[in-house]
Structure formats: structure tokens, C-alpha cells
Amino acid sequence: MSSSAAFYLLSTLGGYLLTSFLLLKYPTLLHQRKKQRFLSKHISHRGGAGENLENTMAAFEHAVTIGTDMLELDCHITKDEQVVVSHDENLKRSTGVNVNISDLKYCVTCQCEGKDTRIPLLEEVFEAFPNTPINIDIKVNNNTLIKKVLKSLPPLGLWLKEPHTMSRSQKFVIWLSDVLLMRKSLFDHLTARGIQVYVWVLNDEQEYKRAFDLGATGVMTDYPTKLKDFLNNFSA
Ligand SMILES: *[C@@H]1O[C@H](CO)[C@@H](O)[C@H](O)[C@H]1NC(C)=O
Ligand SMILES: *[C@@H]1O[C@H](CO)[C@@H](O)[C@H](O)[C@H]1NC(C)=O
């Protein structure tokens with residue numbers, strides 16, 4: 001390599017490093033600080049899947065009662081186009097019956113029996129918790145479902161996630177992200193720009209501590225009571 005090429009390369013690299021350093025150090029140089037509508041430190045995954053049957057009204061009620069800042073839930077669409085709250089499309093794991101939600105009609109009368117064990121409609125959750133932010137995971141890429149969810153959204157800002165199925169390469173990216181992204185400097189940079197950083201799904205005190213020590217804005221957990229107790233002691 002000639003010396004001028006080396007000089008060019010090094011100065012470019014130097015410029016890149018300097019710019020990166022400056023932008024990381026001064027987060028609002030390029031970006032305006034985002035306004036925050038709400039801050040969610042405590043997020044209940046599927047309503048708190050470790051403490052109640054996941055994605056049930058009983059789970060959501062428990063999480064809201066202990067003061068969760070946000071509910072996380074999943075939804076699917078039935079044969080008769082009702083949006084229901086469930087993580088899996090197939091009901092084998094949750095009910096023992098090998099049947100797909102998209103092959104079933106929503107039955108209002110059969111559903112009245114057990115409030116704690118039945119599959120709720122998405123609308124019911126909105127009605128029951130009008131003041132709680134809800135993170136909705138749309139599990140299947142079905143346009144009717146997406147349109148229905150968007151139409152049923154209350155005027156409060158909600159956070160939608162695109163449907164996905166995870167491939168091996170995505171799992172690798174998640175592992176790599178943990179190595180590259182779980183850094184205090186990055187978390188500080190993002191929060192200074194007003195971007196909320198959530199970490200999920202964390203279920204024990206050490207993981208909670210690691211996340212908040214790194215500067216996470218919020219943690220999503222299957223154990224809302226455990227996280228609540230942790231936060232009481234952590235901030236004290
Ligand atoms: C979306 O869901 C509806 C209701 O279950 C169904 O009729 C339709 O075929 C689905 N669309 C696709 C593309 O799967
Ligand atoms: C449920 O749907 C999946 C994917 O479309 C299919 O492979 C499976 O056979 C279905 N299960 C039942 C019980 O119909």
C-alpha cells in the first residue's frame with residue numbers, strides 16, 4: 001500500500017471513529033430528544049405468565065392491581081374474525097386440545113364460565129384497562145387481523161409489533177445483540193435521546209439488576225410481583 005493510500009484510509013477511519021465518538025457522547029447533536037408519552041419501568045409479559053395463566057383477564061387484573069406500567073399480550077384471529085388474546089395459534093399447549101384458533105368460531109356463551117381460564121377478546125382488555133398502555137404482539141401476518149387490531153385501538157398510544165416467526169439466523173442476531181448491545185454507553189445514549197430501552201423477558205433478580213444497572217428504561221417479566229418487589233428495594 002502506498003503511503004498516500006494508507007493516509008487516506010487512516011484519516012477516513014479516524015474521522016469515522018471521531019464522529020462515532022462525538023455522536024455517542026452528545027446524543028442530541030443529530031437527533032432531537034423525543035418526547036415521552038409514558039414511561040414503563042414495569043412490563044408484564046402476557047400479563048405475567050409465571051404468576052397466572054398467561055393472557056387471561058385474571059393475569060391482566062393481577063398485574064394492573066400491583067401497579068404494572070404496561071401489559072404485553074399476543075393476539076390471533078378466529079374463523080369468524082374475532083380478535084382474541086392468545087400467544088399460540090394452536091390451543092394444545094394452553095388447553096390440551098389440538099385445534100387452531102383460525103379454525104374456531106368465538107363462542108361468547110361457552111366463554112362466560114371461567115373468567116380466569118378463558119381466552120379473552122382483545123376489546124375486553126381495552127375496556128377493562130383503559131388507562132394501561134398495552135404492547136400488542138400480532139402473531140400472524142393476516143391483513144384482516146392487522147386491520148381489526150388497528151381499528152379497535154383506543155386513542156391512547158399503543159406499541160405494535162410486526163408478526164414474526166424466528167429463524168435460526170434471527171436467533172443468532174439476538175445472541176449477537178446481547179453481546180454487542182447490552183452496553184451501558186449505548187443505553188445511556190439512547191435514553192439521552194429520549195428513546196426508551198426495554199429488555200425482555202427477564203425473570204430473576206440478577207437479570208433485573210443487570211438491566212437496570214445498564215440503564216434500561218424498563219423490564220418485561222413473567223413475574224410482575226417479583227419485579228415489583230425488586231423495584232421497591234432497588235430504587236430505595
Ligand atoms: C385471515 O383470517 C381470516 C379469519 O380467520 C381468514 O378468513 C383469512 O383467510 C385469513 N387470511 C389469510 C391470508 O390467511
Ligand atoms: C394448524 O395450523 C398449522 C399451520 O397452518 C397446520 O400445520 C396444522 O396442521 C394445523 N393444526 C390443526 C389441528 O389443524
Side-chain angles (χ1 to χ4, degrees), residues 40 43-64 68 70-178 198 200-201 203 220-222:
S40 301
I43 308 162
S44 298
H45 183 234
R46 303 181 197 171
E51 294 178 4
N52 278 284
L53 284 177
E54 66 182 50
N55 284 325
T56 55
M57 293 304 276
F60 301 137
E61 257 156 39
H62 169 68
V64 170
T68 198
M70 186 191 276
L71 295 171
E72 191 267 358
L73 54 79
D74 314 278
C75 62
H76 281 276
I77 188 160
T78 60
K79 196 182 173 76
D80 55 342
E81 301 190 349
Q82 299 291 314
V83 181
V84 293
V85 181
S86 167
H87 179 267
D88 302 352
E89 147 80 337
N90 189 287
L91 295 180
K92 177 87 179 150
R93 179 179 63 94
S94 55
T95 70
V97 184
N98 180 19
V99 64
N100 286 341
I101 290 178
S102 56
D103 292 330
L104 291 176
K105 283 191 184 167
Y106 192 81
C107 172
V108 181
T109 46
C110 0
Q111 289 273 350
C112 283
E113 286 161 16
K115 171 164 158 258
D116 295 353
T117 53
R118 68 191 184 81
I119 297 174
L121 290 169
L122 179 60
E123 272 177 9
E124 283 180 79
V125 184
F126 289 156
E127 277 165 24
F129 312 105
N131 302 315
T132 307
I134 302 176
N135 177 5
I136 304 170
D137 200 338
I138 301 177
K139 299 310 281 189
V140 280
N141 200 353
N142 178 303
N143 279 336
T144 317
L145 173 60
I146 293 168
K147 272 195 208 123
K148 287 213 148 202
V149 170
L150 290 176
K151 239 170 68 187
S152 68
L153 292 186
L156 185 77
L158 292 182
W159 186 19
L160 289 170
K161 279 200 296 198
E162 283 297 308
H164 67 273
T165 44
M166 215 190 292
S167 63
R168 269 171 69 173
S169 58
Q170 282 174 316
K171 284 184 189 155
F172 174 73
V173 169
I174 288 179
W175 171 81
L176 193 66
S177 310
D178 189 272
Y198 298 133
W200 76 89
V201 177
N203 286 334
M220 194 188 288
T221 186
D222 287 323

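Every number for a ligand or one of its atoms is a count from 1 in the order of the listing. None of the values given here were measured: they were computed from a predicted structure.
No N or O atom of Thr144 sits closer than 3.5 Å to an N or O atom of ligand 1. By the 3.5 Å distance cut-off applied to N or O atoms, Asn142 is counted among the residues near ligand 1.
Neither the backbone nor the side chain of Asn143 comes within 4.0 Å of ligand 1, counting heavy atoms alone. With a 4.0 Å cut-off on non-hydrogen atoms, Asn98 touches ligand 2 through its backbone as well as its side chain.
Interface atoms of ligand 1 facing Thr78, defined by a heavy-atom separation under 4.0 Å, are 4 (C), 5 (O). Proximity to Asp103 (heavy-atom distance under 4.0 Å) selects the following atoms of ligand 2: 14 (O). Less than 4.0 angstrom separates some heavy atom of Asn100 from each of these atoms of ligand 2: 1 (C), 2 (O), 3 (C), 8 (C), 10 (C), 11 (N), 12 (C), 14 (O).
A donor-acceptor contact shorter than 3.5 Å is absent between the side chain of Thr95 and the backbone of Lys92. Side-chain atoms of Lys148 do not come within 3.5 Å of backbone N or O of Val83 as any donor-acceptor pair. Between the Glu72 side chain and the Ser44 main chain, no donor and acceptor come within less than 3.5 Å of each other.
There is a protein heavy atom less than 4.0 angstrom from atom 14 (O) of ligand 2. Atom 11 (N) of ligand 2 is approached by the protein to below 4.0 angstrom, counting heavy atoms only. Within a 4.0 Å radius of atom 5 (O) of ligand 1, the protein contributes at least one heavy atom.
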Run the side-chain contact (heavy atoms from CB on, under 4.5 Å) check on Cys75 and Ile136 step by step: do they pass?
CA-CA 7 Å; Cys75 62; Ile136 304 170; 3.8 Å; yes
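Ser102 pairs with exactly one of Glu81, His76, Glu89, Lys79 by the side chain to side chain donor-acceptor pair (under 3.5 Å) rule, that one being Glu89.
Ligand 1 does not have Asn141 within reach: every non-hydrogen atom of the residue lies 4.0 Å or more from it.
No hydrogens or angles considered: a donor-acceptor pair under 3.5 Å links the side chains of Thr78 and Asp80. Remark: the His87 side chain and the Glu54 side chain contain no N/O donor-acceptor pair separated by less than 3.5 Å.
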